[in-house]
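Structure, as structure tokens:
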There are 2 protein chains.
Amino acid sequence: MILRGRNPFDGKPQLTLRDVAEAAGVSEMTVSRVLRNRGDVSDRTRARVYSAARSLGYVPNKIAGALASNRVNLVGVVIPSLSNMVFPDVLGGIGKVLSETPLQPVIGTSQYDPETEEKVIYEMLSWRPSGLIVAGLEHTSAAQAMMRSAGIPVVEVMDVDGDPVAAAVGISHIRAGRDMAREILARGYRKIGYLGSGSGGDHRAQKRLQGLREGLSAAGVTLTDSCFYEGASGFGTGRQMSADMLSRHPDLDFLYYNTDMNAAGGLLYCLEKGMKIPEEIGLAGFNSFEVLDGLPMRIATMDSRRTEIGQKAAELIAANALSDEIIALEPRFLEGETVRRR
Amino acid sequence: MILRGRNPFDGKPQLTLRDVAEAAGVSEMTVSRVLRNRGDVSDRTRARVYSAARSLGYVPNKIAGALASNRVNLVGVVIPSLSNMVFPDVLGGIGKVLSETPLQPVIGTSQYDPETEEKVIYEMLSWRPSGLIVAGLEHTSAAQAMMRSAGIPVVEVMDVDGDPVAAAVGISHIRAGRDMAREILARGYRKIGYLGSGSGGDHRAQKRLQGLREGLSAAGVTLTDSCFYEGASGFGTGRQMSADMLSRHPDLDFLYYNTDMNAAGGLLYCLEKGMKIPEEIGLAGFNSFEVLDGLPMRIATMDSRRTEIGQKAAELIAANALSDEIIALEPRFLEGETVRRR
DNA sequence: CTGAAAGCGCTAACAT
DNA sequence: ATGTTAGCGCTTTCAG
């Protein structure tokens, strides 16, 4: 007889349907039906099964269930990081929609590294999820191939400037940059500095910068200065960058930041230096973070609509359509108090 | 013949080991060995298998593998929320340690609701993970029973004031409150207000408040006022609470917040009102958030050691010991600039 | 309404 | 170094 080796770490042998079936005096099949609320089972049997399952402390084995049914109620979500508040917000939108379905999100992070992302996507797909949501449009070609041939709904989120593998939900960051240029110019600012992230990994910030440049040059204006940081955004980063840039170019009349977090640091710096905001100098950020309501001034920003992006993406997955729809939400300018009124 | 019903949403039939085996002209078992780097396989065979697998675009089915091997390299992590930056930091610590093992974290959120938490734990356990990390010590008794009988390493994190199901890694929040009381009193403040979260769900903040009260009363001092909010922490919340409390008690000389986020709002408010910090009024928060470096003053706070907590918890899981060790890290007071120097 | 049989895709154990 | 066999725990299908 073959003795199956058990994992040496296994505590007790796993409780199976069979155990519950014996305890309740019915077949495994009946137990399975009761526990999944499938098919007709008499109330009496149902009650017996429930009480047997409960008193044994039975927890079904989803692994086995998934293998047998070829159905896995998981949705893979691959994002760069959890430290950047942008992504938890997207996850919030996804979770809200999925919580009304049998689907469950499973999160993986790529640390802004394409190779890591490829691995994470591979791991996710090897669990045969019901759908996949991936942040951004830039991936290794192997990752794109996997996404394309996964045979499940795939949605790329955050960005629509590029070539999605399948469906995409996001905003155009190029357009966000252009719109910001228009708002800045319309308010009479002309000497503009950009403060953003240096890592080529932040494609979306790069696109906003590109849009900004395009928008300015359409009006014959050139970006006066730009400055890039490595590492995390934050008040300290924003403060430092602002100080550096203003010492290089004391004549700047506008600072555009890649994110509100940095903009907040810049705002505090400028206020401390006694600069007149928004007359002397204007400031704007990106994302619209609620935690920051309560700064001395409301920062002009653009709503990146992350919660809605998460929701729409989850809806596409829940609809189980292998669509290649591209849903472009409009970035929304929020005037705040750090720019002159038009 | 039996035609197995496939999920109507299935695209193509799944690619199996058998397909790769045929393409490479070897047995399924050999393919399995190559793909898992197990056992001895000749270089020639290995190469053939790899190229077959790659050219077909084969992605192994972990569901089947897990069922057959009774091994699932997942670690369930259950936290209240991702919006509170505390938890992403813990996840960072967990991820860092697990990335050096074959284990992968899977995140679930409870939304600060014990019933939801119970469900999430149940779902997690039904995937038969290799370990479980749960935030906090307060759970439904059903959840505790599941954790106890899961037969896998279970670690409760963040808090050590209570009765863990098995292992625990965290700080004593009661002690954090007491230590803060001592620091406040040692600096000569006597009229102290507490500003915190009202939701009974935030057990750890409650414990800090309790510790604060104990620490004060040991010195014969009573908390002058306390105030609680519902909803999210943030600058606006901190500002509002501070304004309310100071209008009720203009004679307060210290404000202790449940989190640095709120403390930051309070700091900005007090500065705007022209109050002298730290002479006239002192401020302290909790957690030590790096993003906030760059505020006009560094807020006095206490390091909640979340990254280390995540790391230690992950180490316990990785060691695969069914231990009931309680690891209490020390909360560390960080003086900042919003309290008088001793 | 209930049960019996087959098998999901993979890996452990036992050959060779 | 490679192949063969049995079976993981569940669900699907078909038969009462």
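Throughout, a chain's letter reflects where its sequence line sits, starting with A, and its residues are numbered from 1. Keep in mind that what you see is a predicted model, and the values were worked out from it rather than measured.
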To the nearest angstrom, the CG-P distance between Asn61(B) and dG7(C) comes to 18 Å
For Glu28(B) and Lys62(A), take the nucleotide of DNA chain D holding the closest heavy atom to each; which residue's nucleotide lies nearer the 5' end?
Glu28(B)
Tell me the interatomic distance from Ile63(A), atom CD1, to dC10(C), atom P, rounded to whole angstroms.
14 Å
Taking the side chain as C-beta and beyond, is there a heavy-atom pair between Ile79(A) and Val90(A) under 4.5 Å?
no
Whole-Å distance between dG9(C) P and Trp127(A) CH2?
16 Å
Under a 3.5 Å distance rule, please check whether Ser55(B) uses its side chain to pair with a backbone N or O of Ser51(B) as donor and acceptor.
yes
Pull out every residue in residues 16-23 of chain A that has a heavy atom closer than 4.0 Å to any atom of DNA chain D, ordered by number, or say none.
Thr16(A), Leu17(A)
With a sphere of 6.0 Å drawn around CZ of Arg36(B), does it hold more than 12 non-hydrogen atoms of other residues, nucleotides or ligands?
yes
Considering only dT12(D), dG3(D), dG9(D), which nucleotide approaches the side chain of Arg71(A) most closely?
dT12(D)
Is the backbone N or O of Leu103(B) less than 3.5 Å from a side-chain atom of Thr101(B), with the two atoms forming a donor-acceptor pair by type?
yes
Quick check on dT2(D): is either OP1 or OP2 less than 4.0 Å from any side-chain nitrogen or oxygen of Thr30(B)?
no
Tell me whether the side-chain N/O atoms of Tyr58(A) come closer than 4.0 Å to OP1 or OP2 in dG9(D).
no
Any donor-acceptor N/O pair, Thr30(A) side chain to Val26(A) backbone, under 3.5 Å
no
Quick one: the side chain of Arg33(A) and the base of dG3(C), do they pair up donor-acceptor inside 3.5 Å?
yes
Is there a side-chain contact between Ser27(A) and the phosphate of dG3(C), meaning an N or O under 4.0 Å from OP1 or OP2?
yes
After noting the C-alpha distance and the side-chain angles of Lys119(B) and Glu115(B), does the key distance pass the salt bridge (charged side-chain N to carboxylate O under 4.0 Å, His left out) rule?
CA-CA 6 Å; Lys119(B) 267 183 230 145; Glu115(B) 307 296 324; over 6 Å; no
Write down the distance between CG (Leu67(A)) and P (dG7(C)), rounded to a whole number of angstrom.
14 Å
Is Ser32(A) close enough to dT11(D) that one of its side-chain N or O atoms is under 4.0 Å from OP1 or OP2 there?
yes
Donor-acceptor under 3.5 Å (Ser32(A) side chain, Glu28(A) main chain):
no
For DNA chain C, which residues of residues 42-52 of chain A approach it to below 4.0 angstrom with any heavy atom?
Ser42(A), Thr45(A)
Which whole-number value in Å describes the distance from Met29(A) CE to dG16(D) C1'?
15 Å
In whole angstroms, the gap separating C1' of dC10(C) from CD of Gln14(B) amounts to 10 Å
Check the surroundings of atom NZ in Lys312(B): do more than 12 heavy atoms from other residues, nucleotides or ligands lie under 6.0 Å from it?
no
I want to check one thing: is the phosphate of dT12(D), taken as OP1 and OP2, less than 4.0 Å away from some side-chain N or O of Arg36(A)?
yes
Nearest-angstrom distance from the residue atom CG of Asp40(A) to P of dC1(C):
5 Å
Taking atom types as modelled, is there a side-chain donor on Thr140(A) or Glu118(A) under 3.5 Å from an acceptor on the other?
yes
To the nearest Å, how far apart are Arg38(A) CZ and dT11(D) P?
9 Å
Regarding Gln104(B) and Asn73(B), is there a side-chain donor-to-acceptor distance under 3.5 Å anywhere?
no
